[in-house]
Structures are given as C-alpha cells and as structure tokens.
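Okay, structure first, notes after.
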Amino acid sequence: MPSSVISKIEYDDLSSRLRIIFVSGSIYDYLNVPLSIYNAMKRSGSKGTYLNQHIKGNYAFKKIS
C-alpha cells in the first residue's frame, strides 16, 4: 500500500541499515535493524504508523538529507 509520507524504503543486508526516504525528500538511515522488522514494515498497511510504533525510538538513526 502506498504511503502518504514515505516515498521508499530500502534495506541493506550487510549493514542491517534501513533507509527511509520521505515524500518531503528527507532521508533517514536506521541502524542495526533486523531483516524481520524491514519485512514486517513492507507488509504493513501503514508504513508511517509502523515506523512510528516499531522503529522510531527503538533504533539509532542518522539523517542523511
């Protein structure tokens, strides 16, 4: 299901990095995210809600742009 706030999500298996690209153009990398969390986010009905409930506050992040 498309998201109104998230444009794209990417996952790097080697580094366990989850990249969130927002519709606004902001990019955040969440670090040490298990593959199971990425897969659950892909399956979720609301990517933004999943991000807020399961990722923000639980994983370190870096703002890229």
Steps toward side-chain contact (heavy atoms from CB on, under 4.5 Å) verdict (L18, I55): CA-CA 10 Å; L18 175 65; I55 297 172; 3.5 Å; yes
Hey, is the main chain of Q53 close enough, under 3.5 Å, to the side chain of K56 for a donor-acceptor pair? no
Counting C-beta onward and ignoring hydrogens, is there a side-chain heavy-atom pair between L35 and D13 closer than 4.5 Å? yes
Can we say D29 and R17 salt-bridge, meaning some charged N sits less than 4.0 Å from an Asp/Glu carboxylate O? yes
Interatomic distance, CG@L51 vs CG@N58, rounded to 0.5 Å, equals 10.5 Å
Interatomic distance, L31 atom CG to K62 atom NZ [nearest 0.5 angstrom]: 6.0 Å
Do I37 and Y59 pass the side-chain contact (heavy atoms from CB on, under 4.5 Å) test, and can you show the C-alpha distance, the side-chain angles, and the key distance before you say yes or no? CA-CA 11 Å; I37 295 292; Y59 299 96; 3.5 Å; yes
What are the two closest heavy atoms between M41 and K47, and how far apart are they? O-CD, 3.1 Å
ring-ring contact (aromatic ring centres under 6.0 Å, His included) involving F22 - partner list, sequence neighbours excluded: Y28
Going by atom types alone, do D12 and S15 pair a side-chain donor with an acceptor below 3.5 Å? yes
After noting the C-alpha distance and the side-chain angles of I9 and R19, does the key distance pass the side-chain contact (heavy atoms from CB on, under 4.5 Å) rule? CA-CA 6 Å; I9 59 174; R19 176 166 283 180; over 6 Å; no
Does the gap between the ring centers of Y38 and Y11 come in under 6.0 Å? yes
Determine, step by step, whether I6 and I21 satisfy the side-chain contact (heavy atoms from CB on, under 4.5 Å) criterion, reporting the C-alpha distance in whole Å, the side-chain angles of both residues, the deciding distance to 0.1 Å, and the verdict. CA-CA 6 Å; I6 296 174; I21 303 169; over 6 Å; no
